Amino acid sequence: MEKNYDHNGSEDKIYENWESAGVMRADENSAKKSYTIPLPPPNVTGQLHLGHAAMLAVEDILIRYKKMTGHEVLWLPGTDHAAIATENVVLKYLEIKSREEMSREGFLGECRKFATEKHDRIVHQIKKMGAHLDWSREAYTFDRERNFSVNWIFKKLADDGLITRGHRMINWSVGAQSVLADDEVEWEDNEEDFYEFWCGPFILGTVRAETKCADSPVMVHPTAEYVRAKNAAGRECVVTKKYFNEHTQLRKDFEITEIVPGKKLEGMKFEAETYAGTRKFWVVADEVIDPEFGTGAMTISASHSSEDFALAQKYDLELIQKIDFKGKMTAIAGLCEGLSVAAARKKAGEIMVEKSLLFQKRPHANRVPKCYRSGTVVEPMLSPQWFISVNKEFVDKFSGKKTTLCKLTADAVRDGNIKIVPKRFEKTYFQWTDNLRDWCISRQIWWGHRIPVWYDEAGKIFLPEKKSVIFARHGESQANVENVIGGDFSLTESGRRTAEEIFEQVKDRKISKIICSNLKRGKETAELVAGLFANNTQIEVWPELDEFCSTELAQKSGANFRRVSPIQINFDELKDESLDQIRDRAQSVFSKLQNETGEVLVIGHKNITAALFHFSRSDDTEKFVRFRKNWEWRRGESRDFEFLQDPRGNEISFFRHGESEWNVSKKVQGQHSGIYLTEKGKSQARDAAKKLAYKNFEKIICSDLERAIETAEILRTELGISPKIEIWPELREWGLGAVEGKNLAEAFGASENFPYDAIARKIEAGELDSNAENLEQLEARAHAVFAKLKKEKNALVVSHGGFLGILQKIHRDGSIGKLQEFFKTWKKLENLQHFSLEISSLTQDEDTLDTWFSSALWPFSTLGWPDESATDFQRFYPNDVLETGHDILTFWVLRMVMFGRYATGKCPFHTVYLHGLVCDEHGQKMSKTKGNGIDPLEVISEVGADAVRLSLVIGATPGNPIPLGKSKVSGYRNFVNKLWNAGRFVQFQLSESENVIPSLTPKNLSEKWLLHRFSEVCANVSQKLKKYEISAAGDEIYHFVWDEFCNWFVETSKVSRNPAFLYGIFLEILKLAHPLVPFVTEKLWQDLAKDDEFLIEKSFPAPDFQDKKSVALFAQIQMIVTELRKVRAEKKLPPREKISIHISAGKSADEIAAQSDLIAVLGGCSTVKVAEKISQKPEHSVTVLSEGMEIFVEIPFDAAAEKTRLTTEISTLEKSIVALESRLKNKNYIEKAPASLVAETKSQLEKNANELQKLREQLSNL
RNA sequence: GAGCGAUUAGCUCAGCUGGCUAGAGCGCCUGCUUGACUCGCAGGAGGUCACAGGUUCGAAUCCUGUAUCGCUCACCA
């Protein structure tokens, strides 16, 4: 072993070993109690900083401790896509100013590439800290799985009416042409002109003179006193009394006519000139007006200030945009139109002077919001945004009670279900929950979860649709009986009966279609189930639903007739189809399913269905293998497969009326009325109705011709849901004029069923009479129908063959074009009874969601939610502890609680532990400009991760700044090295004997003492960790190892060698220290312990050894030794020079005498004589008192020096005696203080008095 | 402007529900090439616990006020 611990040589290797051995993976099947911490995901493009390091250290200690105390721990890692931050980094990296320089897809591609590249860096850095993370479950806030959760909760919120769209003030950076988050705005102190100008009789004040061109009401304070004054010229003036008194000019020129409390001003109306024209004003009183500020009156710029906007909403004022998004004045600014804000302000001032509106201009200290990126001014602007209504009531699915998101969030902490460490942050938490405003979740950036909202051309809003497909597993096949895997076998008798079981489960659903694989057992089951439905439901065979067991595997198991459970499938061995291929197949099935309408029943196979369930949300093949192992599906069992589907535009179904009398007699129908359906036509309508039953039509719209109305009525009756019928004459068949009623052959010279070609030719050629509709008319009618249909949703339209064709053609091509060509395809569709058209197409909202939206789901979106039956969710949710920096309590923690309670009904964790900001050793914030920043990776390579962890954890209390400096770090490096060297000592001792078996049986005094102390320390550490007093726990370990084990015990062990115990206790100490310093302890464990397991797999020590007597005796020995050392130091005796001592030890003489060897070695004595009482003090000796004993040390002494020593000791003793006595003299003390304390005081006094007595004797004997 | 926190040794900080002579690390001073470790060992000096009141038998600890510093939020027509 090296003399100094080489962290660089061992840490990475140890971590690799942990990882490859899989010790850090949480076993979802374990029976142990779970303990879960979600890792706050660092920015994927970020670098590890000390805040991360502190977070990792604290969480790792908790995780390792819990694991060693018998928990199944899951510490789930991941990264955050950090929307705005990443976008900015990528912009910089690409050296472009704005993302608009690229296409959306192109830019996102660059972001994705960049994020993937940087991902490995941050992950590597996290590993450097020794974090015991389950990398097999690594997640990313912007992957497919998380996107699914995001959309799911968005949909849920929307369904509960909690998502709204509204206007809201945003920070608009004119320079960057982008919205900024509040924390991206920098405030700059500025001295600006404060304009005070006339507005009718009022004098108003503002810095932003340019915005005062279209304000309407004048706001005053309701109870403040206003002065109404008039000058000789009749000019009126209304200002607060204070303002009036402060301005000599006003006092001089104006004469007070009236003093009015504000309320009387309310309702006052006047017309007044502004710099941009005359406007009407009225007066409103509101408390928000500060009568002390300015003139005590103001007007409202609703579109350019958030406070004003709030007022505008309160008083329902018109919103007038005065500045556009380019930072230029709009037309309302009159002469200032088109000017920049700064120029407009100057110009407005000049106009005010011209119009003598300006009363005065004075300097005013102001703070101006600036864009941190472009440095330009940030304008508050109004823009449409999406919100979560946090104060709106809804019915909580879990409690069944009415509540609000805000209440749910606050109550989680208020009811004690979540504890915040340190507690004082609960105040901050409540301060937020009590004043929570609607959460604006939309961001005008590209890198993020796109808002799952679509609009049609009319601006109507569409949300994703929840869709459910029923899956049922086929019945038992011959292969099951014969224990063969794969192959194409038929159902057994019992397998055939499974169909009835399936039917029972799904009979009440409106199944429109059954889909099955191309394998016999699937098809047969499907056929049997279909047969049980009265209307003989349609079956579709999808070969892509075939099971994926490989033929090789089938042969293997088939040949041996050995049962191979799917759980034993070695996915690497799948030769026929790789995991990647299975994934692609599952995903294509998924997208095909999305095109299905109505309720669909899929008869599936176990493995491919599992793949479908998994890969519909995820691309991760490794996770699929695990998922599959936990996924059970009984034969015949049905399950709902729920997913979200992008909305389609408004889809309208069209239906051609059934066969009419004239169809049979082959007469031209056109718009001729009085034609009715034949019996065949009626039954056609009834059949069709069955097929359309799943659609839940709200309305049937039909033309006003009898054959259509008749059809509509049959449909209505058959559909059984009584949609109303609306008659639209514009849905009539095209009008053919004079030929109507004639025989087809007669009219068009064609006897075929329906001579479209001939009709088309005639219409195009204009050969029909003027009563017939021409192409323009037809086209206009079709467009009118579409325009009207856009307002409908879920309607069924009953019209006529020819006109429906026109509608279809126009929908596809925009115009009729050549009818003949069109009818070539239409002919093929002649027998078609119905079709659907998407009347309007949808476009998705351009905006993305606030990063915190996806982060808020982190504690459960990583565990399989929204699938609440997911193994991980069942096993590891709720989480236990959420540990993070206190600065994001309100941003993140609060939102996790909100979404957690809302989406899962449970608090996502029970404890929130907040660490402080890491700062330098003088408490200064670390910053690049100050140059006091510390790069954790640099420090790790200098001193090792263990030392860094200790530095960040010890001496840090939750919520308070964590000071970190070089000296602190090197101090803990020294500790790690100390531990290492203790290990070296142990190894050296072991090398001196053969086959030492570690033992925890103490044989001598110091071993008993140490084991007793070790028991105490373990208990204390556990206690402290339970209370999250990590610093105190670390401190205790630090001092136990260094002071008690190294400095005392190792020294004593040199006196009486017992390698077995030394070995045993040292291994236990390694376990104790492991959560704190995992690397060095693991290294020592591997070097010393003869054990194949890693240290982390061992139990945290919890010995229960008590021996108070030995502890007391050892304390006496320690005192003696310390006193001797003091004497030696004072007398400057070199260690080589041994001393002789005599101890007068009273009753404990025998016990002390038994330890004289120990005293001799530790105290550097040549002889140690112990007696009950030594009556004669040896010559040339110094006397020291310790624990009621007298120790005579035989050394030449200097009487003068001895005198001063004794005098000072006497005086301190006297002082303490006075204090103790005065306490005991106090009656109240004796009566009110606890008896044990009083007794203790008494004995202390006695002891001190005794010592004082002896010291005085010694002094007099000198 | 509002809220929260801090003020303890030269420096950085512990001190949990009040209770022996207020602790640690670093630094400082004095010794020591003791056979695990100079990234060490032994010993030592150093504090009116910001200030002023109050509660209490008893206050660094609880309460009130003052001062200084820090953090967070809001941003003022």
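Throughout, a chain's letter reflects where its sequence line sits, starting with A, and its residues are numbered from 1. These figures come from a predicted structure and were not determined experimentally.
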message: Under 4.0 Å from OP1 or OP2 of B:A14: is there any side-chain N or O of A:Thr957 that close?
response: yes
field: Closest nucleotide among B:G40, B:G3, B:C16 to the A:Trp1042 side chain
entry: B:G40
query: Would one find more than 12 heavy atoms of other residues, nucleotides or ligands at under 6.0 Å from atom CZ of A:Arg1057?
result: yes
- request: Assign a letter to each nucleotide of nucleotides 72-77 of chain B from its 5' end: B, base within under 4.0 Å of a protein heavy atom; S, sugar-phosphate only; -, no contact.
  value: S-BBSB
- prompt: In terms of side-chain geometry, is the basic nitrogen of A:Glu1137 or A:Lys1131 positioned less than 4.0 Å from the acidic oxygen of its partner?
  reply: no
message: Measure OH/A:Tyr972 against P/B:U12 and give the value in whole Å, please.
response: 16 Å
- prompt: NA contact type, A:Lys1027, heavy-atom cut-off 4.0 Å: base, sugar-phosphate, or nothing?
  reply: base
field: Electrostatic pair A:Glu1130-A:Lys1132, nearest N-O below 4.0 angstrom
entry: no
Enumerate all atom pairs, one protein N or O and one N or O from nucleotides 55-62 of chain B, separated by less than 3.5 Å.
from, atom 1, to, atom 2, distance (Å)
B:C57, OP1, A:Lys1232, NZ, 2.0
B:C57, O2', A:Asn1226, ND2, 2.7

Distance in angstrom units between A:Lys1131 NZ and B:G44 C1', rounded: 15 Å
message: Measure CG/A:Leu1220 against C1'/B:C20 and give the value in whole Å, please.
response: 8 Å
Pairwise C1' distance, B:A60 and B:G19 [rounded to whole Å]: 13 Å
field: Rounded interatomic separation in angstrom, taking CD from A:Glu1251 and P from B:U21
entry: 15 Å
- prompt: If you measure from the Lys or Arg side-chain nitrogens to the Asp or Glu carboxylate oxygens, is any gap between A:Lys322 and A:Glu379 under 4.0 Å?
  reply: no
message: What is the distance, to the nearest angstrom, from the CZ atom on A:Phe975 to the C1' atom on B:A24?
response: 14 Å
In a table with atom names and distances, give each donor-acceptor pair under 3.5 Å that connects a side chain of residues 1029-1036 of chain A to protein atoms at least two apart or in another chain.
from, atom 1, to, atom 2, distance (Å)
A:Ser1031, OG, A:Gly955, N, 2.9
A:Glu1036, OE1, A:Lys1024, NZ, 2.6
A:Glu1036, OE2, A:Asn1020, ND2, 2.9

field: P-based separation of B:C37 from B:C51 [nearest Å]
entry: 47 Å
- request: Anything under 30° is parallel, anything over 60° is perpendicular, the rest tilted; go ahead and classify A:Tyr1038 against A:Tyr972.
  value: perpendicular
field: A:Phe1066 ring center within less than 6.0 Å of A:Phe985 ring center
entry: no
query: Can you tell me how far C1' in B:U12 sits from the matching atom in B:C20, rounded to whole Å?
result: 28 Å
query: With rounding to whole Å, what would you report as the distance between B:A14 and B:A9 at their C1' atoms?
result: 13 Å
- request: Specify the residue among A:Gln1244 and A:Arg1125 whose closest nucleotide of RNA chain B lies further upstream toward the 5′ end.
  value: A:Gln1244
- prompt: Quick one: on RNA chain B, does A:Leu964 or A:Arg973 contact a more 5' nucleotide (nearest heavy atom)?
  reply: A:Leu964
message: Between A:Asn960 and B:C13, is there a contact of a side-chain N or O with OP1 or OP2 at under 4.0 Å?
response: no
statement: Taking B:A42, B:G40, B:A24 as options, the one with an atom nearest any side-chain atom of A:His1039 is B:A24
field: Under 3.5 Å side-chain donor-acceptor pair for A:Asn1047 and A:Glu1051
entry: no
message: Can a side-chain donor-acceptor contact be found between A:Arg984 and A:Asn981 if the only test is distance below 3.5 angstrom?
response: yes
field: Summary of protein contacts for nucleotides 27-36 of chain B, nucleotide by nucleotide, where a base hit scores B, a sugar-phosphate-only hit scores S (4.0 Å, heavy atoms)
entry: ---S-S---B
- request: Whole angstrom is fine here: how far is it from CG in A:Asp946 over to P in B:C39?
  value: 19 Å
query: So, is A:Asn1248 close to the B:U21 phosphate, meaning a side-chain N or O under 4.0 Å from OP1 or OP2?
result: no
task: Look only at the side chain of A:Arg362 and the backbone of A:Tyr195, and say whether a donor-acceptor pair between them is shorter than 3.5 Å.
output: no
- prompt: Parallel, tilted or perpendicular for A:Phe891 and A:Trp852, by the 30°/60° rule?
  reply: parallel
task: Round to the nearest Å and state the distance from A:Lys1126 atom NZ to B:A45 atom C1'.
output: 13 Å
- line: All stems that RNA chain B takes part in, i.e. 3 or more consecutive Watson-Crick or G-U pairs with distances under 3.5 Å, are B:1-7 with B:67-73, B:10-13 with B:23-26, B:28-32 with B:40-44, B:50-54 with B:62-66
- request: Find the distance A:Leu1213:CG to B:C20:C1' and express it as a whole number of Å.
  value: 14 Å
message: Listing request: all ring-ring contact (aromatic ring centres under 6.0 Å, His included) pairs with a residue in residues 1217-1237 of chain A, at least two apart in sequence or in separate chains.
response: none
message: In whole Å, measure the gap between the C1' atoms of B:C4 and B:C26 for me.
response: 30 Å
task: Report which part of the nucleic acid A:Gln987 touches: base, sugar-phosphate, or nothing (heavy-atom distance under 4.0 Å, all strands).
output: nothing
- request: Please indicate whether A:Arg1136 has more than 12 foreign heavy atoms, meaning atoms of other residues, nucleotides or ligands, lying under 6.0 Å from its CZ.
  value: no
task: Looking at every strand, decide which applies to A:Glu1240 at a 4.0 Å heavy-atom threshold: base, sugar-phosphate, or nothing.
output: base
message: Please determine whether the number of non-hydrogen atoms from other residues, nucleotides or ligands lying under 6.0 Å from atom NZ of A:Lys419 exceeds 12.
response: no
statement: Tightest non-hydrogen contact, residues A:Phe197 and A:Thr206, listed as CE2-CG2, 3.6 Å
Polar pair under 3.5 Å, donor/acceptor by atom type, side chain A:Arg424, base B:C4: no
message: Using the C1' atom as the point on both nucleotides, what is the distance between B:G47 and B:G3, in whole Å?
response: 33 Å
query: Looking only at heavy atoms, which two atoms of A:Tyr1063 and A:Leu1088 are closest? And how far apart?
result: OH-O, 2.6 Å
